[in-house]
Colleague: 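Quick one: the structure is below, questions incoming.
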Amino acid sequence: MDSKTAFLIYSRLNDRYPHTETHFLHFQDPFQCLVLTILSAQTTDATVNLVAPSLFARFPTPESLAAADLEEVEIIIHRTGFYHAKARHITGAARAIVERFGGRVPATMVELLTIPGVGRKTANIVLNHAFGIDEGIAVDTHVRRLAQRIGFSDSANPDKIEQDMIALFPRSHWGDITYLLIRHGREICPARKPQCETCVIRDLCRFVHSEEKG
DNA sequence: CTCCCGATAT
DNA sequence: ATATCAGGAG
């Protein structure tokens with residue numbers, strides 16, 4: 001894969017999915033973005049958006065969530081799955097933000113990675129989505145699957161895929177390509193039964209070529 | 001590597 | 001019934 005092909009793929013997806021950023025998590029500040037992104041692990045954003053209003057009505061600030069009763073949090077976020085671990089993650093994250101970052105979500109990768117429940121994927125999402133900072137590329141299960149199918153990377157390792165894609169796209173596209181690939185992955189290119197017949201990057205995709213050849 | 005874990009599509 | 005979903009911790 002060369003950067004010209006990568007740019008062509010970006011352009012096609014960008015034309016196909018306008019205003020993609022409005023299709024995801026509903027948050028009002030970096031704190032809410034961080035909490036909802038932690039909750040979105042292995043969970044659709046629609047489910048996360050469902051619990052967000054009651055969660056933030058009850059715990060509107062890092063201070064209130066840091067002092068929250070674990071069981072009360074578990075009940076509110078129950079539908080997002082992994083609720084026991086996630087309740088500990090978001091209350092722990094709130095505590096870290098209050099105790100170590102003055103009540104403000106930090107805006108650097110190294111600081112975000114010290115927060116409970118935050119890995120590279122979550123950190124990249126928060127940096128880009130809440131702060132508009134393109135420090136890396138968030139590689140979730142959709143991005144990983146599409147990067148391998150399309151041919152952005154030959155690796156199955158998310159960190160390696162991120163490095164390969166960073167080399168392939170200009171920094172100004174790092175945030176957008178993530179959302180475009182996630183939306184394309186959901187609507188056209190899921191793990192099972194990808195709809196290659198209606199895919200706008202069909203002619204540029206390694207996966208289609210290998211399928212056609214057998 | 002396993003575990004966490006409910007909701008949804010197939 | 002089974003796979004998968006905007007992953008991360010132990």
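A, B, ... follow the sequence lines: proteins, then strands. Residue 1 opens every chain. Given the structure is predicted, the values throughout are model-derived calculations rather than measurements. When reading the values below, keep in mind they use all heavy atoms of this one structure, side chains included, and skip hydrogens, waters and symmetry mates.
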Colleague: Return one dot-bracket line describing DNA chain B 5' to 3' (Watson-Crick or G-U wobble pairs, both distances under 3.5 Å; ( ) same strand, [ ] crossing, | another strand, . none).
Modeller: ||||.|||||
Colleague: If the P atom of B:dT2 is compared with that of C:dA3, how far apart are they to the nearest Å?
Modeller: 15 Å
Colleague: Of the residues in residues 33-42 of chain A, which ones touch DNA chain C at a heavy-atom distance under 4.0 Å?
Modeller: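 Going residue by residue through residues 33-42 of chain A, the ones with a heavy atom under 4.0 Å of DNA chain C turn out to be A:Ser40, A:Ala41, A:Gln42.
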Colleague: Would you please name every residue forming a salt bridge (charged side-chain N to carboxylate O under 4.0 Å, His left out) with A:Asp134, sequence neighbours left out?
Modeller: none
Colleague: Take the protein atom CG of A:Leu113 and the nucleotide atom P of C:dG8, then report the distance between them rounded to whole Å.
Modeller: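 Spelled out: CG on A:Leu113 to P on C:dG8 is 9 Å.
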Colleague: Tell me the ring pair (Phe, Tyr, Trp, His ring centres under 6.0 Å) pairs involving residues 143-178 of chain A, sequence neighbours left out?
Modeller: A:Phe7-A:His173, A:Tyr10-A:His173, A:Phe152-A:Phe169
Colleague: If the cut-off is 4.0 Å, is A:Thr141 near the phosphate of C:dC5, judged by side-chain N/O to OP1 or OP2?
Modeller: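 For C:dC5, OP1 or OP2 has a side-chain N or O of A:Thr141 closer than 4.0 Å.
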Colleague: From CD1 of A:Ile77 over to C1' of C:dG8, roughly how many Å is that when rounded to an integer?
Modeller: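 Taking CD1 of A:Ile77 and C1' of C:dG8, I get 14 Å after rounding.
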Colleague: Which residues in residues 50-69 of chain A have a heavy atom closer than 4.0 Å to any atom of DNA chain B?
Modeller: none
Colleague: Report the residues that fulfil salt bridge (charged side-chain N to carboxylate O under 4.0 Å, His left out) with A:Arg12, sequence neighbours left out, ordered by chain and then residue number.
Modeller: A:Asp203
Colleague: Is it the case that the side chain of A:Arg202 and the backbone of A:Cys196 share a donor-acceptor pair, with hydrogens and angles ignored and the cut-off at 3.5 Å?
Modeller: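 Yes: the side chain of A:Arg202 pairs with the backbone of A:Cys196.
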Colleague: Counting only side-chain N and O atoms of A:Thr43, is one of them less than 4.0 Å from OP1 or OP2 of C:dG7?
Modeller: no
